[in-house]
Amino acid sequence: MRKMMSGLLLTMGLFLTVVVPATLVSAQGITVPSSEITIDGKKPARFNHDTHLKLGVECGQCHHDAKHQPLSEAGITAMESGEQLRCVNCHNQKLSNSKLQKPKQIFHARCRGCHKEGVKGKKGPGKCSSCHLKKKPAKPIEGC
Ligand code: HEC
Ligand code: HEC
Ligand code: HEC
Ligand code: HEC
């Protein structure tokens with residue numbers, strides 16, 4: 001019985017290692033970062049897509065285009081690079097709205113705003129250290 005179980009687990013393990021990455025990596029375009037990323041800047045912060053997508057949050061609640069229209073998952077995965085998703089590409093001194101030029105303004109509005117408000121009654125953490133890292137990581141963001 002033991003032997004059979006471990007055989008079964010081994011097969012499952014093999015199955016998982018083969019199948020899981022195949023569903024995550026598409027042949028073309030970009031996909032949701034599968035592990036925690038670091039939002040780089042003067043005060044780097046952690047962000048995990050998984051935790052947030054499990055809440056039922058849509059891509060477009062955070063990602064939008066140059067006209068501030070929400071981006072769909074299909075729209076994002078059809079992109080060739082994640083470069084155009086970078087928030088500071090648009091949110092800098094060239095943006096006409098002076099209240100949305102600095103990282104702190106946009107990220108605190110988006111991230112802290114929702115953490116305070118919550119999603120379906122579930123709030124997000126509010127302490128500085130729940131998002132901000134103590135040390136700047138060697139590797140700024142996944143995929144760079
Ligand atoms: C929900 C997540 C979250 C929490 C909580 C949070 N921040 Fe941030 N904050 C961010 C993100 C994301 C950035 C963008 C990263 C960057 O620009 O370095 C940022 C940027 C900043 C910046 C701007 C850095 C720069 O480029 O000028 C400062 C300063 C800052 N945070 C201070 C704080 C302090 C102090 C607290 C606690 C009172 C706090 N933050 C709590 C997510 C958070
Ligand atoms: C709760 C907010 C939030 C949601 C929801 C969200 N993202 Fe993101 N995503 C971010 C942030 C913040 C970054 C980092 C952007 C930066 O570095 O400026 C990011 C980065 C990315 C990147 C990497 C871009 C790069 O730098 O190469 C991809 C790809 C991505 N998201 C895809 C998606 C897709 C697809 C969805 C929906 C299935 C989604 N995201 C939902 C906040 C979110
Ligand atoms: C392609 C350009 C572009 C990118 C990339 C971009 N934004 Fe924006 N964003 C805009 C424009 C344009 C507006 C509207 C400005 C105005 O109201 O004057 C806006 C508005 C906002 C606002 C204020 C309105 C609102 O939706 O609450 C926040 C907060 C914001 N963006 C956060 C982000 C974050 C966080 C990211 C990265 C995940 C991001 N933006 C990526 C162009 C962009
Ligand atoms: C639409 C609402 C919403 C937005 C936008 C949002 N969060 Fe959250 N976040 C939450 C909620 C709710 C939780 C608690 C999830 C749980 O307990 O399962 C959470 C949890 C977290 C956590 C702790 C769990 C983990 O994933 O490690 C961190 C760190 C975090 N968020 C960072 C951020 C940052 C940084 C941003 C902006 C780029 C952001 N969040 C944007 C709702 C949001």
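For ligands, and for the atoms within them, numbers begin at 1 and follow the listed sequence.
- Every N/O-N/O distance between Arg86 and ligand 3 stays at or above 3.5 Å.
- For His115, the nearest N, O or S atom to atom 8 (Fe) of ligand 4 falls under 2.8 Å.
- Within ligand 4, the atoms closer than 4.0 Å to a non-hydrogen atom of Arg46 are 29 (C), 32 (C), 35 (C), numbered from 1 in the order shown.
- Under a 4.5 Å side-chain heavy-atom cut-off, the cluster of Ile, Leu, Val, Met, Phe, Trp and Tyr residues that includes Val119 is completed by Leu55, Val57.
- With distances taken over non-hydrogen atoms, the option nearest atom 11 (C) of ligand 4 out of Ile37, Leu55, Val119 is Leu55.
- A donor-acceptor pair under 3.5 Å links the side-chain atoms of Arg110 to the main chain of Gln61, judged by distance alone.
- Ligand 2 lies out of reach of Met79, whose nearest heavy atom is not under 4.0 Å from it.
- Not one N or O on the side chain of His115 forms a donor-acceptor pair closer than 3.5 Å with the backbone of Gly126.
- In this structure, Gln105 places its CD atom where more than 12 heavy-atom neighbours from other residues, nucleotides or ligands lie under 6.0 Å away.
- Of all the atoms in ligand 4, the ones that sit under 4.0 Å from a non-hydrogen atom of Gln61 are 1 (C).
- What sits closest to atom 12 (C) of ligand 3 on the protein, heavy atoms only, is Ala66 O, 3.2 Å.
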>> Let's go through Lys43 and His132 carefully: what are the C-alpha distance in whole Å and the side-chain angles of both, what is the deciding distance for side-chain contact (heavy atoms from CB on, under 4.5 Å) to 0.1 Å, and is it a yes or a no?
In response: CA-CA 6 Å; Lys43 277 194 72 78; His132 290 293; 3.6 Å; yes
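- Atoms of ligand 4 lying under 4.0 Å from at least one heavy atom of Ile39, given by number and element, are 38 (C).
- Around atom 6 (C) of ligand 2, the closest heavy atom drawn from Arg110, Gln84, Glu83, His49 belongs to His49.
- We find the CD-OG distance between Glu58 and Ser72 to be 9.5 Å, quoted to the nearest 0.5 Å.
- Contact atoms of ligand 2 toward Ile30: 29 (C) (distance under 4.0 Å to a heavy atom of the residue).
- Checking only distances, Cys87 does come within under 3.5 Å of ligand 2, N or O to N or O.
- Nearest protein heavy-atom neighbour of atom 21 (C) of ligand 3: His91 CE1, 3.4 Å.
- Regarding atom 20 (C) of ligand 4, its nearest protein heavy-atom neighbour is Pro125 CD, 3.5 Å.
- Scanning the protein heavy atoms around atom 22 (C) of ligand 3, the nearest turns out to be Leu100 CD2, 3.8 Å.
- Checking Gly124, Gly126, Ala109 against atom 13 (C) of ligand 4, the nearest heavy atom belongs to Gly124.
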>> Checking Phe47 against His52 for the side-chain contact (heavy atoms from CB on, under 4.5 Å) test, could you report, in this order, the C-alpha distance in whole Å, the side-chain angles of both residues, the deciding distance, and whether it holds?
In response: CA-CA 9 Å; Phe47 177 72; His52 291 84; 3.2 Å; yes
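- Near Ser130, meaning under 4.0 Å from one of its heavy atoms, ligand 4 places the atoms 29 (C).
- Ligand 2 is approached by Leu85 to a heavy-atom distance shorter than 4.0 Å.
- Minimum-distance N/O/S atom of His52 relative to atom 8 (Fe) of ligand 4: NE2.
- Of the options Ser81, Cys59, Gly82, Gly60, the smallest heavy-atom separation from atom 38 (C) of ligand 2 is shown by Cys59.
- Of all the atoms in ligand 4, the ones that sit under 4.0 Å from a non-hydrogen atom of Asn48 are 26 (O).
- Atoms CG and CG, from Leu100 and Asn92 in turn, are 11.5 Å apart once rounded to the nearest 0.5 Å.
- Within the structure, ligand 4 lacks Gly118 among the residues with a heavy atom less than 4.0 angstrom away.
- Residue-ligand proximity, Cys131 to ligand 4, at heavy-atom distances under 4.0 Å covers atoms 32 (C).
- If you look at Lys54 next to ligand 4, there are no close heavy atoms at all, none under 4.0 Å.
- Ligand 3 has no nitrogen or oxygen under 3.5 angstrom from a nitrogen or oxygen of Asp65.
- Some N or O of His64 is nearer than 3.5 Å to an N or O of ligand 3, by distance alone.
- Atom 8 (Fe) of ligand 4 has no N, O or S atom of Cys111 under 2.8 Å away, backbone or side chain.
- Between the choices Leu133, Thr51, Val57, the shortest heavy-atom distance to atom 24 (C) of ligand 4 belongs to Thr51.
- Shown in contact with Lys123 at under 4.0 Å from a heavy atom are these atoms of ligand 4, numbered in order with element: 12 (C), 14 (C).
- In this structure, the protein non-hydrogen atom closest to atom 2 (C) of ligand 4 is Cys114 SG, 1.7 Å.
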> Hey, mind stepping through Thr38 and Arg46 against side-chain contact (heavy atoms from CB on, under 4.5 Å) and telling me if it holds?
Replying inline: CA-CA 5 Å; Thr38 301; Arg46 71 181 98 238; 5.6 Å; no
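- In terms of protein heavy-atom proximity, atom 18 (O) of ligand 4 is nearest to Lys122 NZ, 3.3 Å.
- Looking at Asn97 next to ligand 3, an N or O pair under 3.5 Å apart turns up.
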> Would Leu85 and His63 count as a side-chain contact (heavy atoms from CB on, under 4.5 Å) if you check the C-alpha gap in whole Å, the side-chain angles of each, and the deciding distance to 0.1 Å?
Replying inline: CA-CA 7 Å; Leu85 292 175; His63 296 291; 3.8 Å; yes
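- Note that CD of Gln84 and CG of Asp65 are 9.5 Å apart. Values are rounded to the nearest 0.5 Å.
- Put simply, CD1 on Ile106 and SG on Cys87 are 4.5 Å apart, with the number rounded to the nearest 0.5 Å.
- In this structure, Thr31 is part of the shell of residues with a heavy atom less than 4.0 angstrom from ligand 2.
- Within the listing of ligand 3, atoms 1 (C), 2 (C), 3 (C), 4 (C), 5 (C), 42 (C), 43 (C) sit less than 4.0 angstrom from a heavy atom of Cys90.
- Looking only at distances, no side-chain donor or acceptor of Asn48 sits under 3.5 Å from a matching main-chain atom of Ser35.
- One finds the NZ atom of Lys99 at 15.0 Å from the NE2 atom of His91 (value rounded to the nearest 0.5 Å).
- Atom NE2 is the N, O or S atom of His63 at the shortest distance from atom 8 (Fe) of ligand 2.
- Here OG1 of Thr31 is found 13.0 Å from CE of Met79. Values are rounded to the nearest 0.5 Å.
- In terms of polar-atom proximity, defined here as any N/O pair under 3.5 Å, Glu36 makes no such contact with ligand 4.
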